[in-house]
Each structure stands twice: as structure tokens, then as C-alpha cells.
Visitor: 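Before anything else, here's the structure in question.
These numbers come from the heavy atoms of this one structure, side chains and all, not from hydrogens, waters or symmetry mates. Whatever order the structure lists them in is the order used to number ligands and atoms, beginning at 1. Throughout, numbering of the chain's residues begins at 1 and tracks the sequence. Values in this document were obtained by computation on a predicted structure and should not be read as measured data.
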Amino acid sequence: MATILVTGAAGFIGSHTTDLLLAEGHRVVGIDNFRTGRRENLRDAARQSGFAFHELDVAAPGALAGLVARVHPDAIIHLAALVSVQESIANPELNFVLNVQASQFVAEAARLHRVGRVVFASSAAIYGDGVELPVREGAAKRPVSPYGAAKLASEDLLLGHAAAYGLTVRCQRYFNVFGPRQDPSSPYSGVISIFARRYAEGKPVTIFGDGRQTRDFIAVRDVAHANLLAATRPGLVSGAVNICTGRSTSLLDLAVVFGRLYPGVAAPQHAPARAGDIVHSLGAPGAAVAELGFTAQVAVADGLAELAHAPVASPSS
Ligand code: UD1
């Protein structure tokens with residue numbers, strides 16, 4: 001049993017990761033500042049004796065290091081972040097603070113207090129557009145947004161610390177994560193969460209561009225499992241892997257599946273493509289299989305059907 005500190009524990013990926021770690025018998029110290037995380041995401045975790053929570057801002061100088069000094073975790077899973085490509089374009093300074101500076105604080109806390117392993121929420125956005133698909137980890141990195149650039153800079157910072165100070169850093173390049181608890185209430189929310197809510201309300205969705213752009217959508221349940229493996233699997237060395245399914249889905253495909261789940265909802269509307277938007281994103285999953293023993297299990301259509309039958313999250317719930 002390990003003690004694992006999870007930043008962004010009240011968030012979408014953070015809360016699922018926390019629940020799984022607890023279910024596997026680990027102790028979890030969760031932190032969140034509730035900028036985008038929500039207390040009710042931790043409702044199940046809060047009932048577990050192995051869970052402790054601290055309301056704390058990982059981007060506040062010294063805050064994380066102080067907690068790490070007291071808790072002495074075996075690993076830190078760093079998920080707290082600004083998660084939207086579009087929000088990084090609207091607010092690049094905030095993107096720097098939350099997606100680069102905070103990573104430095106995590107690296108520094110791990111160095112000072114000898115944390116053996118750091119798992120970092122990286123992104124497919126580091127590759128940018130125009131790479132050969134499915135993209136492998138060694139492909140050229142040409143991010144096309146402040147968000148992608150920040151995730152790449154953080155990988156380099158953390159891996160540099162790993163090489164210099166002997167900790168193990170695992171960078172998890174998430175593709176497009178979806179599932180329960182993804183907050184649909186902001187224009188910066190993930191597309192599936194927005195579509196799920198609109199269809200459930202009987203309202204047409206908006207597709208930016210022609211809808212032929214594609215993504216490798218991965219269920220949050222699978223991502224939580226990948227995080228568990230990266231944090232606890234014995235003998236791992238530092239590295240970066242795609243956390244993806246290797247399967248491609250267009251936005252038009254999504255609309256077809258939702259259309260079947262919600263017959264009678266009007267056809268999607270179209271609006272101009274968004275700046276910084278990648279056209280095609282598809283990952284090669286082989287390295288995660290080889291290094292972590294991870295294979296995604298949930299098919300997109302099954303994940304969407306599950307979402308359609310679950311209550312749709314609302315900002316006040
Ligand atoms: C997403 C993630 C990001 C992750 C990256 C990895 C979110 C908010 N962003 O970025 O954290 O690192 O994948 O690849 O989860 N779209 C519409 N209509 C809408 C909303 C979106 O057509 O109402 C389109 C967008 O223009 C885009 C696609 O859907 O083409 C996906 O957008 P989005 O869900 O925001 O994710 P990414 O930008 O791919």
C-alpha cells in the first residue's frame with residue numbers, strides 16, 4: 001500500500017483516479033483549489049478512511065512543498081491544470097502559471113523531500129498538427145497552442161529533474177478524455193461533455209468547422225487505471241507514453257451516435273473552426289502497453305451510452 005498525493009483531486013480525472021487508488025487499498029492525500037474542481041466529485045472518497053483532503057493551490061509558491069514535507073508521499077500524481085486549449089489562447093499568462101510554474105513547484109517539492117515518483121498529466125496537444133498518424137512518442141513536437149507548449153515545457157522540466165536528482169517521472173500524454181463528472185458548463189469544456197448535455201436537453205449541438213476533425217477519445221475510467229499503473233507499478237523508469245485507444249472518431253461520428261441515443265434532436269449546427277484547433281489527433285498505444293501494461297478497455301459508443309443514461313452534471317449539482 002502506497003501513500004499518493006493527487007493534485008487536482010476534485011477535478012474530472014483527479015476524482016476518478018482518487019476513487020480507483022482508494023479502491024485498490026492505497027492512501028490518498030488529495031489537494032484542489034476548486035478553480036474548476038468540484039467538492040461533490042469527492043463525495044465517495046470523503047467517506048473512505050484512507051483519504052485526506054487539503055484545499056490548497058498548487059501554483060502558490062511553497063504551498064505544495066510544505067504539504068509534501070509533512071505527508072512524505074511515495075508518489076505525486078500531478079493533475080491540477082488549466083485543461084482547455086481555448087482557455088490557454090484566451091489567457092496565456094494563466095496557462096503559464098497553472099501549466100508550467102506549478103509543474104516546477106511539483107518538481108521542486110519532489111526533489112526537496114525525496115518523493116520517488118511523479119506522474120504528470122501531459123497531453124496529445126504537445127505534438128501539434130501534421131504529424132504522421134497514429135502518432136508515436138518519438139514524433140516531432142510542434143505544439144500549436146500555449147496549452148500544448150506548456151505541457152511540453154513541463155515534461156522537459158520534470159524529466160530534467162528526474163535525470164538530475166534520480167526520481168522517476170512518468171509523463172502521461174492523454175488524448176481526449178471523456179466520461180462522468182466532466183463539467184459541461186463552460187465554453188472551454190470537452191466536446192463530449194457539451195454534446196451529452198445538449199442532447200439530453202433536446203437542443204442541437206454546434207460543430208466548429210466541418211466536423212471531419214477526428215480525435216482519439218478515451219474513457220476516464222481507462223485513464224484512471226493508467227494513472228494507477230504509472231504511480232504504483234514496480235520497477236518503472238522515467239519516460240513518456242501516449243494514453244490513448246488508437247481508434248479515431250470524427251465529430252460527425254459523435255453526432256451520429258448521440259443522434260441514435262436521442263432521436264428527435266435537431267441536426268448539428270456549424271460554426272467556423274476554432275483557432276489553435278488540431279485537425280486530426282490519433283495516438284499509437286503500443287508504448288503504454290509495453291511500459292505500463294496498459295490497454296484501454298472502453299469503446300467510445302459504450303462510453304457515450306453510459307453517459308446518456310447517467311445524470312448530466314450541472315454547475316450547481
Ligand atoms: C482536449 C482536451 C485537452 C487535452 C487534449 C488532448 C478538454 C477541454 N480539452 O483538447 O485537455 O489535453 O484534448 O488531445 O477536454 N468542438 C465542437 N463543438 C463544441 C466543442 C468542441 O465542435 O461545442 C470541437 C473543437 O473545435 C475540437 C473538438 O471538438 O475540434 C475537440 O475539442 P475539445 O473537446 O475542446 O478538445 P481538444 O481541443 O481536442
Visitor: Identify, by atom number and element, the atoms of ligand 1 in contact range of D277, meaning under 4.0 Å from any of its heavy atoms.
Guide: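 The list of qualifying atoms is 25 (C), 26 (O), 27 (C), 30 (O).
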
Visitor: Under a 4.0 Å threshold between the charged nitrogen and the carboxylate oxygen, would R35 count as salt-bridged to E55?
Guide: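 No, no charged N to carboxylate O under 4.0 Å.
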
Visitor: Quick one: does Y147 get within less than 4.0 Å of ligand 1, heavy atoms only?
Guide: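 True for this residue.
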
Visitor: Check this for me: does any side-chain nitrogen of one of R215 and D277 sit under 4.0 Å from a carboxylate oxygen of the other?
Guide: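 Here R215 pairs with D277 in a salt bridge, since their nearest N and O are under 4.0 Å apart.
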
Visitor: By number and element, which atoms of ligand 1 are closer than 4.0 Å to a non-hydrogen atom of F175?
Guide: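 What qualifies from ligand 1 is 6 (C).
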
Visitor: Salt-bridge test for E40 and R43: reply yes if a basic N is under 4.0 Å from a carboxylate O, no otherwise.
Guide: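 The answer is no: the pair does not qualify as a salt bridge.
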
Visitor: Any donor and acceptor pair, going by atom type alone, linking the side chain of R233 with main-chain N or O of E291 inside 3.5 Å?
Guide: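 Yes.
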
Visitor: With atoms numbered from 1 as shown, which atoms in ligand 1 lie under 4.0 angstrom from a non-hydrogen atom of S123?
Guide: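 Listed by number with element, the hits are 4 (C), 5 (C), 6 (C), 12 (O).
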
Visitor: How far is atom 29 (O) of ligand 1 from its nearest protein heavy atom, and which residue and atom name does that atom have?
Guide: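 Protein heavy atom at minimum distance: L251 CD1, 3.3 Å.
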
Visitor: To check your reading of the model: name the closest protein heavy atom to atom 35 (O) of ligand 1, its residue, and the distance in Å.
Guide: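 Going atom by atom, the protein heavy atom closest to atom 35 (O) of ligand 1 ends up being R274 NH2, 3.1 Å.
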
Visitor: Consider every N or O of A124 and every N or O of ligand 1, then say whether any pair is closer than 3.5 Å.
Guide: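 N/O-N/O distance below 3.5 Å does not exist for this pair.
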
Visitor: Can you find an N or O of Y188 that's nearer than 3.5 Å to an N or O of ligand 1?
Guide: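 No: no nitrogen or oxygen of Y188 is under 3.5 Å from one in ligand 1.
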
Visitor: Backbone or side chain, does any N or O of T206 fall under 3.5 Å from an N or O of ligand 1?
Guide: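 Yes, at least one N or O pair falls under 3.5 Å.
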
Visitor: Where the side chain of T7 meets the backbone of A80, is there a donor-acceptor pair that is under 3.5 Å apart?
Guide: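 Such a contact is found between T7 side chain and A80 backbone.
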
Visitor: Atom CZ of residue position R212 - does it have more than 12 heavy atoms of other residues, nucleotides or ligands inside 6.0 Å?
Guide: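 At most 12 heavy atoms, drawn from other residues, nucleotides or ligands, come within 6.0 Å of this atom.
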
Visitor: List every atom of ligand 1 that sits less than 4.0 Å from any heavy atom of Y174, numbering the atoms from 1 in the order shown and giving each element.
Guide: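 It comes down to these atoms of ligand 1: 6 (C).
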
Visitor: Run the ring pair (Phe, Tyr, Trp, His ring centres under 6.0 Å) check on F34 and F53 step by step: do they pass?
Guide: CA-CA 12 Å; F34 298 115; F53 181 77; 5.5 Å; yes

Visitor: May I ask you to identify the nearest protein heavy atom to atom 38 (O) of ligand 1, giving residue, atom name and distance to one decimal place in Å?
Guide: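 Closest protein heavy atom to atom 38 (O) of ligand 1: V85 CG2, 3.8 Å.
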
Visitor: Is R27 reaching over with its side chain to a backbone N or O of M1, donor-acceptor style, under 3.5 angstrom?
Guide: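 Pair absent, no side-chain N/O of R27 close to backbone of M1.
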
Visitor: Report yes if some N/O of V191 lies less than 3.5 Å from some N/O of ligand 1; otherwise report no.
Guide: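 So ligand 1 has an N or O lying under 3.5 Å from an N or O of V191.
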
Visitor: Looking only at the side chains, is there a donor atom on one of N227 and T17 sitting less than 3.5 Å from an acceptor on the other?
Guide: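 Yes, T17 and N227 have a side-chain donor paired with an acceptor closer than 3.5 Å.
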
Visitor: Work out which heavy atom in N95 is nearest to a heavy atom in P146; give both atom names and the distance.
Guide: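 Looking at all heavy atoms of both residues, the closest pair is ND2-O, 3.0 Å.
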
Visitor: Which bit of S189 is near ligand 1, meaning a heavy atom under 4.0 Å away: side chain, backbone, both or neither?
Guide: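 The backbone, only.
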
Visitor: Could you say whether the N/O atoms of N176 and ligand 1 ever approach to under 3.5 Å?
Guide: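 Among all N and O atoms of N176, at least one is under 3.5 Å from an N or O of ligand 1.
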
Visitor: Pull out every atom of ligand 1 sitting under 4.0 Å from any heavy atom of I207, numbered as shown with elements.
Guide: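 In order of number, 22 (O).
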
Visitor: For a side-chain hydrogen bond (donor to acceptor under 3.5 Å, both in side chains) with S122, tell me which candidate from K151, H78, E155 qualifies.
Guide: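 Answer to the side-chain hydrogen bond (donor to acceptor under 3.5 Å, both in side chains) test with S122 among K151, H78, E155: E155.
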
Visitor: For D183 and S189, test the side chains for any donor-to-acceptor distance below 3.5 angstrom and give the result as yes or no.
Guide: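 Checked: D183/S189 side chains show no N/O donor-acceptor pair below 3.5 Å.
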
Visitor: Short N/O distance, under 3.5 Å, between Q213 and ligand 1?
Guide: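 N/O-N/O distance below 3.5 Å exists for this pair.
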
Visitor: Of the protein's non-hydrogen atoms, which lies at the shortest distance from atom 22 (O) of ligand 1, and what is that distance?
Guide: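 For atom 22 (O) of ligand 1, the nearest protein heavy atom comes out as F208 N, 2.8 Å.
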
Visitor: Please check whether V83 reaches ligand 1 - meaning an N/O of the residue sits under 3.5 Å from an N/O of the ligand, judged on distance alone.
Guide: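 Yes; the residue has a nitrogen or oxygen that sits under 3.5 Å from a nitrogen or oxygen of the ligand.
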
Visitor: Identify, for atom 31 (C) of ligand 1, the protein heavy atom at the shortest distance, and state residue, atom and that distance.
Guide: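 The protein heavy atom lying closest is R215 NE, 3.8 Å.
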
